[in-house]
2 protein chains.
Amino acid sequence: MNLDTTDWSILTELQRDGRIALTELGRRVNLSASAVTERVRRLEAEGVITGYRADVDLMKVGLAVLAVVRLKYPGSRHEPLHRLLEERPEILECLRTTGDDCYTLKVAATSMPHLERLVDELAGLGSTTTNIVYSQTLSYRGPQAP
Amino acid sequence: MNLDTTDWSILTELQRDGRIALTELGRRVNLSASAVTERVRRLEAEGVITGYRADVDLMKVGLAVLAVVRLKYPGSRHEPLHRLLEERPEILECLRTTGDDCYTLKVAATSMPHLERLVDELAGLGSTTTNIVYSQTLSYRGPQAP
DNA sequence: CTATTTTACCGGCAGATTCCCGGGGCGGCC
DNA sequence: GGCCGCCCCGGGAATCTGCCGGTAAAATAG
């Protein structure tokens, strides 16, 4: 799988606006609609583009408290955590990392008591370190050409 | 801004597939195309939906090394960091948090030397703690009804 | 309790978009 | 040269979007 400059332009545009029409996308990358369609289909089929998502403002939907929870997980039984990830949509992201804290989670809650409950559930699995998020730079850009 | 059950269904569907046609979206939430269009337009105008993005597989585009970098930032001059965020597309996300490490960054690099360069740049601003990411649960779900 | 306004929905139509063809230009290979 | 694969273009049918008026139920006012 090799990406040329045009592919990168397409990825950049689709990361900026994932709902853009293919004709408009073609206009921006100097390609006909059919050519750009074929390229996008190929990028999807190859798994370069894994999907398209609407971004939702957490505040606007009542999730006012965002936090990073680092979880130190003893042993190697990961099923309880995976089950928790399935059950709790408040856990937005879960990264397994090197270092003392095996997992880094991003968690959204409606309130402090809500966050407290979530952290308590996680604390049942291992020791946690929680930091409240003040603000986040909206990363509406994804990967770009290396 | 109050969201009813239908709005939540719409948000759920659009977070699962942000490029779905409005007619199909209407079918899934039991609404006509025009009704669902109006609701989506309202959600966009109110800022609930902030945009639509294509998700790109980092591996597939050569960004094989993902890391979490925590940055302890002395003082209150944040411009140097913001400039770095603008310049370095490798920084996918930047959260400002409570706690000893003021910032938590998610960084994608093509290789270890590449990551090393990035961390060195960040280390010029403050003291860093870096953890490599083994794997991440693809959070293709966003917020759901509280 | 009735009248009026507001809200949310539907259907339909014009225009735009997507999908699916066939066909052309170009470089590599026999 | 001749063939083949690759990538691109253009055209037409099917589909989707954007916009309109019209309707019914809920909210508001009197």
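Letters go in sequence order (proteins before strands), and every chain restarts at 1.
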Enquirer: Which pairs of donor and acceptor atoms, one on a side chain in residues 119-133 of chain B, lie under 3.5 Å apart (sequence neighbours left out)?
Expert:
unit_1	atom_1	unit_2	atom_2	d
B/Glu121	OE2	B/Arg88	NH1	3.1
B/Asn131	ND2	A/Thr98	O	2.9

Enquirer: In chain order, what residues pass the side-chain hydrogen bond (donor to acceptor under 3.5 Å, both in side chains) check against A/Thr6, with sequence neighbours excluded?
Expert: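 Checked A/Thr6 against side-chain hydrogen bond (donor to acceptor under 3.5 Å, both in side chains); zero matches.
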
Enquirer: By ring pair (Phe, Tyr, Trp, His ring centres under 6.0 Å), which residues pair with B/Tyr52, not counting sequence neighbours?
Expert: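 Partners of B/Tyr52 under the ring pair (Phe, Tyr, Trp, His ring centres under 6.0 Å) test: none.
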
Enquirer: Please give, in whole Å, the distance from D/dC8 C1' to A/Asn30 CG?
Expert: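 Whole-Å distance recorded here is 13 Å.
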
Enquirer: Salt bridge check: are A/Asp7 and A/Arg42 linked by an N-O gap of less than 4.0 Å?
Expert: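 Salt bridge flag = yes for A/Arg42 with A/Asp7.
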
Enquirer: Run the side-chain contact (heavy atoms from CB on, under 4.5 Å) test on A/Val48 and A/Leu11 for me, step by step, so that the C-alpha distance in whole Å, both residues' side-chain angles and the decisive distance to 0.1 Å come before the verdict.
Expert: CA-CA 9 Å; A/Val48 178; A/Leu11 289 180; 4.0 Å; yes

Enquirer: Which residues pass the salt bridge (Lys or Arg N to Asp or Glu O under 4.0 Å) test with A/Arg83, sequence neighbours left out?
Expert: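 In terms of salt bridge (Lys or Arg N to Asp or Glu O under 4.0 Å), with neighbours along the sequence ignored, A/Arg83 is linked to A/Glu87.
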
Enquirer: Before accepting this row, confirm whether a basic side-chain N of the pair B/Arg39/B/Asp4 lies closer than 4.0 Å to the acidic partner's carboxylate O.
Expert: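 Salt bridge: yes.
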
Enquirer: Quickly work out the B/Asp7 CG to C/dA8 C1' distance and round it to whole Å.
Expert: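 One finds 12 Å between C1' of C/dA8 and CG of B/Asp7, rounded.
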
Enquirer: Has A/Arg39 got a side-chain N or O lying under 4.0 Å from the OP1 or OP2 atom of D/dC8?
Expert: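 Yes, within the criterion.
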
Enquirer: In this structure, how many angstroms lie between the P atom of D/dC7 and the CG atom of A/Leu31, rounded?
Expert: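 My rounded result for the distance is 12 Å.
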
Enquirer: Considering only nitrogen or oxygen atoms on both sides, find all protein atoms under 3.5 Å from nucleotides 17-26 of chain C and state each distance.
Expert:
unit_1	atom_1	unit_2	atom_2	d
C/dT18	OP1	A/Leu22	N	2.9
C/dT18	OP2	A/Leu22	N	2.7
C/dT18	OP2	A/Thr23	N	3.1
C/dC19	OP1	A/Arg41	NH2	3.4
C/dC19	OP2	A/Arg41	NH2	2.6

Enquirer: Just the atom pairs and distances: protein N or O near nucleotides 4-6 of chain D's N or O, under 3.5 Å.
Expert:
none

Enquirer: Ignoring hydrogens and angles, tell me if any N or O in the side chain of B/Arg19 forms a donor-acceptor pair with the backbone of A/Gly18 under 3.5 Å.
Expert: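 Looks like yes, one N/O pair under 3.5 Å.
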
Enquirer: Between D/dC7 atom C1' and A/Leu43 atom CG, what is the distance in whole Å?
Expert: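 Nearest whole value for this atom pair: 14 Å.
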
